[in-house]
Each structure stands twice: as structure tokens, then as C-alpha cells.
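Right, one structure below, let's go through it.
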Amino acid sequence: MHIYCIHINNLLDEAEFNELIQYVSSDKKAKIQRFRKPIDAVRSLLGDLIIRTILCRHYGLTNDEIHYEYQEFGKPYLPHHSHLHFNISHSGDWVTGVVSKDPVGIDIERIAKVKENLASLSLTTEEYQQFQKINKTERNLFFFELWTLKESYVKATGKGLSEGLNTLQISRSNGGIGIEKDGKPVLAYFEILECIEGYQLSLCSFCEHPGKDVQWLHLKEFKKRLEEL
């Protein structure tokens, strides 16, 4: 399993953007160019490039071999390399992506003030009661820990928010993290990854991965790796 986390310390200039967008498919290029905000276009572009870089650098594919199709709920997959699974996430100044030989989901979120209605809609009754009891200064971290764990799970399943986050409950025992769907345990493996201050990063896989490669890169460092594509 390989994970890249890219820090966007500044927006790409027009020449850099046009250079990098040549690596992605024509369909992806069209989607990226439809974004109104430049930061959203950059995040989408870098997410795609992270997956392409990992697939080429660590799994022996060439960039020309990488073609996506989409599952029922929109999750992309590689029809000619179905043994490889991947996922991306972005928030604030960070874009992250993961590739694995097992279904996998990743979610990064910038920790911010949580609105009560969002908490009540995405937490189970028990979790929401815990949320309300916690000191207000600690609520945001508590919420985003649960949110990213749940998001990583629904991204691993490929069902996204159609899964219903308030039907999923995060549990902890013996130092491990588990999840229940409508009160029934689900087989999944979670990890809260060491992250930059002010962000929460969680990973979900359907198989244990004791060894994983996690790389934190500045945009300039990452661009050098793209030369290998």
C-alpha cells in the first residue's frame, strides 16, 4: 500500500497547470476545466496525478495503460487491472491518494468548527450524545475523527454518502478501531494516520496492512516524480 500526501503551498501558474494536465485522460481534463475555482481544479488534477504516479512508480503500469471506468455510485476503477484499488481525498492545502491491492478508502479533513446540524445528521444517537457532552474546545477534533473514519469506510465500499453516515457507528476496543452498520459489526480495518497539525487523516481497508508507505511531499517535490510518467 502506498500513500502520497501533497502540500499545495501555492497555486500552479498557467504554464505549470497546462503542462501537468497533459498527463490525464481527455475525459478527466474536461472535468477539471469545468471547475470555476482554480483551487478546485488544482486539487482534482493533483488527485488524479497522485494515483497515476503511484501506479507507475510502484506497480509497474505505464501512464497510457491507466483508463478508468466507474461503479454504480461513481467510484472509479481500473477495468484492466481490477486487482488494484485506489482512492483520493483533499481538504484545505492537502491532497492525498492511496493505491492498494485491496479495497481502500482515505479521507483527509481540515479541522474546523462543527455545525450542530451536521453533527446530528452524520453521527449515531450514541455518538451525538457523546459529542454534546464533550467540552466545546474538543468537539471539533472528536467530530472529524469520526467523520474521516466513516468517510474512509464508505469510500472503500464505493457507496459514498448513500451509505448514510448516521447508520455507521465507530467503536474502539483493545486499542483498535471498528465499525458497526445498523448495530451489526462490519469487517474493516482502520487507522488514523499521523497528520499535519489542524487536519485529520483516516484510512480504511478490508485487509490488514501492517506495512505501508506514506510520503508527505511538497508540490515541487511531487512534480519531479511526474517526470517519470
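Here, residue 1 is the first one in the sequence, and each next residue gets the next number. All values reported here derive from a predicted model rather than from experimental measurement.
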**OP:** Go through Y199 and E109 one step at a time and tell me if the side chain to side chain donor-acceptor pair (under 3.5 Å) criterion holds.
**Re:** CA-CA 6 Å; Y199 288 80; E109 297 291 342; over 6 Å; no
Original post:
Could you walk me through whether S25 and D27 pass the side chain to side chain donor-acceptor pair (under 3.5 Å) check?
Top reply: CA-CA 5 Å; S25 68; D27 287 348; 5.4 Å; no
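- A heavy-atom distance below 4.5 Å is not found between the side chains of I179 and L149.
- Taking a 6.0 Å sphere around NE2 of H218, one finds it holds 12 or fewer heavy atoms contributed by other residues, nucleotides or ligands.
- There is a path of hydrophobic side-chain contacts, each under 4.5 Å, that joins F222 to I51.
- How far CD1 of I50 is from CD1 of I54: 7.0 Å, rounded to the nearest 0.5 Å.
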Subject >> Y59 vs H81, ring-ring contact (aromatic ring centres under 6.0 Å, His included): CA-CA, chis, key distance, verdict >> reply: CA-CA 10 Å; Y59 293 92; H81 302 277; over 10 Å; no
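- Annotation: the span from L165 atom CG to T124 atom OG1 amounts to 11.0 Å, rounded to 0.5 Å.
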**OP:** Run the numbers on E151 and T148 for side chain to side chain donor-acceptor pair (under 3.5 Å), then give the verdict.
**Re:** CA-CA 5 Å; E151 278 276 353; T148 56; over 6 Å; no
**OP:** Go through the steps for I3 and L203 under the test side chain to side chain contact (heavy atoms under 4.5 Å, CB included), then give the verdict.
**Re:** CA-CA 10 Å; I3 300 168; L203 179 75; 4.2 Å; yes
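- Figure legend: cation-pi geometry between R110 and F144 absent, as NZ or CZ is not positioned both under 6.0 Å from the six-membered ring centre and within 45° of its axis.
- At a threshold of 4.5 Å between non-hydrogen side-chain atoms, the residues S152 and F190 count as touching.
- Note that CG of L78 and NE2 of H67 are 10.0 Å apart. Values are rounded to the nearest 0.5 Å.
- A salt bridge links E16 to K223: at least one charged side-chain nitrogen sits closer than 4.0 Å to a carboxylate oxygen.
- Heavy atoms only, all atoms of each residue included: G105 and N87 are closest at CA-OD1, 3.5 Å.
- A donor-acceptor pair under 3.5 Å links the side-chain atoms of K75 to the main chain of K155, judged by distance alone.
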**OP:** Given ring-ring contact (aromatic ring centres under 6.0 Å, His included), test W94 with H7 step by step and report yes or no.
**Re:** CA-CA 5 Å; W94 289 92; H7 184 222; 4.8 Å; yes
Original post:
Should F131 and F142 be marked as a side chain to side chain contact (heavy atoms under 4.5 Å, CB included) after you check the CA-CA gap, both sets of side-chain angles, and the distance that decides it?
Top reply: CA-CA 7 Å; F131 173 82; F142 173 83; 3.9 Å; yes
Original post:
Where do Y68 and F86 land on the ring-ring contact (aromatic ring centres under 6.0 Å, His included) test, with the steps shown first?
Top reply: CA-CA 11 Å; Y68 304 129; F86 58 93; 5.4 Å; yes
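- By the ring-ring contact (aromatic ring centres under 6.0 Å, His included) test, Y153 pairs with no residue at all, sequence neighbours left out.
- The shortest side-chain heavy-atom distance between T157 and F206 falls under the 4.5 Å cut-off.
- R139 has a carboxylate O that lies under 4.0 Å from a charged side-chain N of E116, or vice versa, which qualifies the two as a salt bridge.
- When atom types are taken as modelled, the side chain of R34 and the backbone of A41 share no donor-acceptor pair closer than 3.5 angstrom.
- In this structure, NZ on K212 lies 10.0 Å from OG on S100, to the nearest 0.5 angstrom.
- Criterion: ILVMFWY side-chain heavy atoms under 4.5 Å apart, direct or through other members. Under it, L118 and L121 are not part of a common hydrophobic cluster.
- By the neighbour-count criterion of 12 heavy atoms within 6.0 Å, atom CD of E14 is sparsely surrounded, having that number or fewer from other residues, nucleotides or ligands.
- Taking the side chain as every heavy atom from C-beta outward, L123 and L146 approach each other to under 4.5 Å.
- Counting heavy atoms from C-beta outward, M1 and S205 have side chains that approach closer than 4.5 Å.
- Cation-pi geometry between R52 and Y23 is not met at under 6.0 angstrom from the ring centre and within 45 degrees of the axis.
- L49 is not listed as a side-chain neighbour of V95, based on a closest heavy-atom distance of 4.5 Å or more.
- The closest side-chain heavy-atom distance from L201 to I192 is not below 4.5 Å.
- Ion pairing between K150 and E163 fails under the 4.0 Å rule for side-chain N and carboxylate O.
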Original post:
Where do Y189 and C204 land on the side chain to side chain contact (heavy atoms under 4.5 Å, CB included) test, with the steps shown first?
Top reply: CA-CA 6 Å; Y189 300 90; C204 175; over 6 Å; no
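- Other residues, nucleotides and ligands contribute only 12 or fewer heavy atoms inside 6.0 Å of the NZ atom of K159.
- Looking only at side-chain heavy atoms (C-beta outward), I106 and I88 stay at 4.5 Å or farther from each other.
- Note that CD of E127 and OG of S122 are 8.5 Å apart. Values are rounded to the nearest 0.5 Å.
- Between atom CD of residue E145 and atom CZ of residue R172 there is a gap of 4.0 Å, rounded to the nearest 0.5 Å.
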